Amino acid sequence: MSGPRWLKSPLAGTACVLAGLALLAIPLRKLTSAEPPRVGPSARPAVPSTEIPAVLRLRLLTPAQRVVVTSADGTVLLDLRDPMAGVSEHDAVIPFATGRLELDLQADFPIESAATAVFLTVMPDGYEDQTRHVIGNGRMAAPLRYEWHTPHE
């Protein structure tokens with residue numbers, strides 16, 4: 001068998017493919033079986049956060065003049081002027097040390113409006129959604145209480 005004819009054989013093609021795979025095997029093994037990098041101890045210990053991110057979903061049956069949601073410590077979580085009827089979602093950071101949350105909701109509607117309702121759903125990261133509502137007309141103000149079972153309880 002002559003040299004050029006031998007290179008065209010299926011056996012030579014298979015040998016070339018296997019040689020190429022063998023050359024790739026060494027770097028691939030180093031890449032896939034490398035030990036994870038070691039991280040030294042951090043400078044400060046992790047402190048459990050007393051606040052977590054959440055989404056506040058507000059549902060209005062009629063347009064309002066203003067809606068304000070504040071936490072028990074007075075932090076304003078939501079302040080909307082002239083929100084339209086419907087559903088809107090807003091990002092917030094809520095106090096969540098004990099799994100309990102008390103929010104104060106104040107909603108102003110036109111005085112001549114009929115009775116309406118405001119629904120506030122709190123969706124904290126990693127916990128189930130909870131909805132509370134207030135029914136009335138004109139100026140409505142009410143505390144809304146939420147409670148979740150946390151792992152350390």
Side-chain angles (χ1 to χ4, degrees), residues 13-14 16-153:
T14 303
C16 289
V17 168
L18 289 176
L21 288 175
L23 288 175
L24 286 176
I26 296 169
L28 284 176
R29 183 182 177 278
K30 287 183 180 180
L31 219 116
T32 59
S33 64
E35 288 185 24
R38 295 184 184 216
V39 179
S42 73
R44 54 189 164 121
V47 177
S49 176
T50 59
E51 296 182 334
I52 64 169
V55 175
L56 302 178
R57 180 180 294 153
L58 180 69
R59 181 171 180 226
L60 299 173
L61 299 182
T62 58
Q65 294 171 334
R66 186 172 184 195
V67 176
V68 179
V69 177
T70 58
S71 64
D73 64 358
T75 305
V76 176
L77 301 175
L78 187 63
D79 188 356
L80 300 174
R81 295 194 184 276
D82 300 319
M84 299 302 298
V87 178
S88 61
E89 292 186 353
H90 310 275
D91 293 330
V93 177
I94 60 172
F96 201 79
T98 62
R100 292 183 179 97
L101 176 65
E102 185 169 330
L103 300 177
D104 293 317
L105 173 75
Q106 180 178 347
D108 296 329
F109 292 91
I111 294 175
E112 65 276 357
S113 69
T116 187
V118 177
F119 297 87
L120 183 66
T121 303
V122 177
M123 300 180 285
D125 283 354
Y127 294 90
E128 76 275 1
D129 307 350
Q130 290 190 18
T131 303
R132 304 292 183 267
H133 67 279
V134 178
I135 299 173
N137 61 355
R139 173 170 250 174
M140 298 188 298
L144 304 175
R145 292 178 181 84
Y146 301 85
E147 186 171 352
W148 292 268
H149 297 289
T150 55
H152 66 277
E153 289 185 317

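Only a predicted model underlies this, so the values are computations on that prediction, with no experimental measurement involved.
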S.K.: Between CG of L58 and CZ of F119, what distance do you get to the nearest 0.5 Å?
M.R.: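 These two atoms lie 10.5 Å from each other.
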S.K.: What do you reckon, is CG of L24 surrounded by more than 12 foreign heavy atoms closer than 6.0 Å?
M.R.: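 Counting neighbours around CG of L24, more than 12 heavy atoms of other residues, nucleotides or ligands fall under 6.0 Å, so yes.
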S.K.: At what distance, to the nearest 0.5 angstrom, does CD of E102 lie from OG1 of T70?
M.R.: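 Answer for the CD-OG1 pair, E102 versus T70, is 9.5 Å.
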S.K.: Go through the steps to decide whether V87 and R57 satisfy the test side-chain contact (heavy atoms from CB on, under 4.5 Å), and finish with yes or no.
M.R.: CA-CA 7 Å; V87 178; R57 180 180 294 153; 3.6 Å; yes
S.K.: Looking at CG of L120 and CG of L60, how far apart are the two atoms once the value is rounded to the nearest 0.5 Å?
M.R.: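 Reported value, rounded in 0.5 Å steps: 10.0 Å.
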S.K.: V55: what forms a side-chain contact (heavy atoms from CB on, under 4.5 Å) with it, not counting sequence neighbours?
M.R.: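 Testing V55 for side-chain contact (heavy atoms from CB on, under 4.5 Å), a comparison that skips the adjacent residues, returns E89, D91, M123.
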S.K.: Kindly determine whether V122 and L103 satisfy side-chain contact (heavy atoms from CB on, under 4.5 Å), including the steps that lead there.
M.R.: CA-CA 10 Å; V122 177; L103 300 177; 4.0 Å; yes
S.K.: For the residue pair P63 and P110, what are the closest heavy atoms and their distance?
M.R.: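 Distance-wise, the nearest heavy atoms are O-CD, 4.2 Å.
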S.K.: If you round to the nearest 0.5 Å, how far is CG of D79 from CG of L77?
M.R.: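 Going from the CG atom of L77 to the CG atom of D79 covers 10.5 Å.
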S.K.: Could you note down all residue pairs passing side-chain hydrogen bond (donor to acceptor under 3.5 Å, both in side chains) where residues 115-124 supplies at least one of them, sequence neighbours left out?
M.R.: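 Listed by first then second residue: T62-T116, T121-T131.
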S.K.: Identify, with sequence neighbours excluded, every residue that meets side chain to side chain donor-acceptor pair (under 3.5 Å) alongside H90.
M.R.: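 With sequence neighbours excluded, H90 shows a side chain to side chain donor-acceptor pair (under 3.5 Å) to S88, given in chain and number order.
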S.K.: Counting only heavy atoms not in L18, do more than 12 fall under 6.0 Å of its CG?
M.R.: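 Yes.
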S.K.: State the CD1-CG distance between I135 and L61, to the nearest 0.5 angstrom.
M.R.: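 Taking CD1 in I135 and CG in L61, the distance rounds to 9.0 Å.
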S.K.: For I94 and A54, which heavy atoms make the closest approach, and how far apart are they?
M.R.: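 So the two residues come closest at CD1-CB, 3.8 Å.
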S.K.: Identify, with sequence neighbours excluded, every residue that meets side-chain contact (heavy atoms from CB on, under 4.5 Å) alongside P95.
M.R.: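 P95 satisfies side-chain contact (heavy atoms from CB on, under 4.5 Å) with S71, L101 once adjacent residues are dropped.
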S.K.: Would you say the side chain of T50 lies within less than 4.5 Å of the side chain of T98, judging by non-hydrogen atoms?
M.R.: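 Not in contact.
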S.K.: Tell me every residue that passes side-chain contact (heavy atoms from CB on, under 4.5 Å) with R132, counting only those two or more places apart in sequence or in another chain.
M.R.: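 R132 satisfies side-chain contact (heavy atoms from CB on, under 4.5 Å) with Q130, L144, Y146 only.
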S.K.: What heavy-atom pair brings Y127 and H149 nearest, and what distance separates the two atoms?
M.R.: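 Taking every non-hydrogen atom into account, CE2-O, 3.8 Å.
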S.K.: Give me each pair satisfying salt bridge (Lys or Arg N to Asp or Glu O under 4.0 Å) with a member in residues 116-127, each pair once, sequence neighbours excluded.
M.R.: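 Residue pairs with at least one partner in residues 116-127: there are none.
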S.K.: Restricting to side-chain contact (heavy atoms from CB on, under 4.5 Å), what partner residues turn up for D108, sequence neighbours left out?
M.R.: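 Only Q65, R66, Q106, R139 meet the side-chain contact (heavy atoms from CB on, under 4.5 Å) criterion with D108.
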S.K.: State, to 0.1 Å, how close A92 and L56 come at their nearest heavy-atom pair, and which atoms those are.
M.R.: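 Closest pair (atom of A92, atom of L56, distance): CB-CD1, 3.9 Å.
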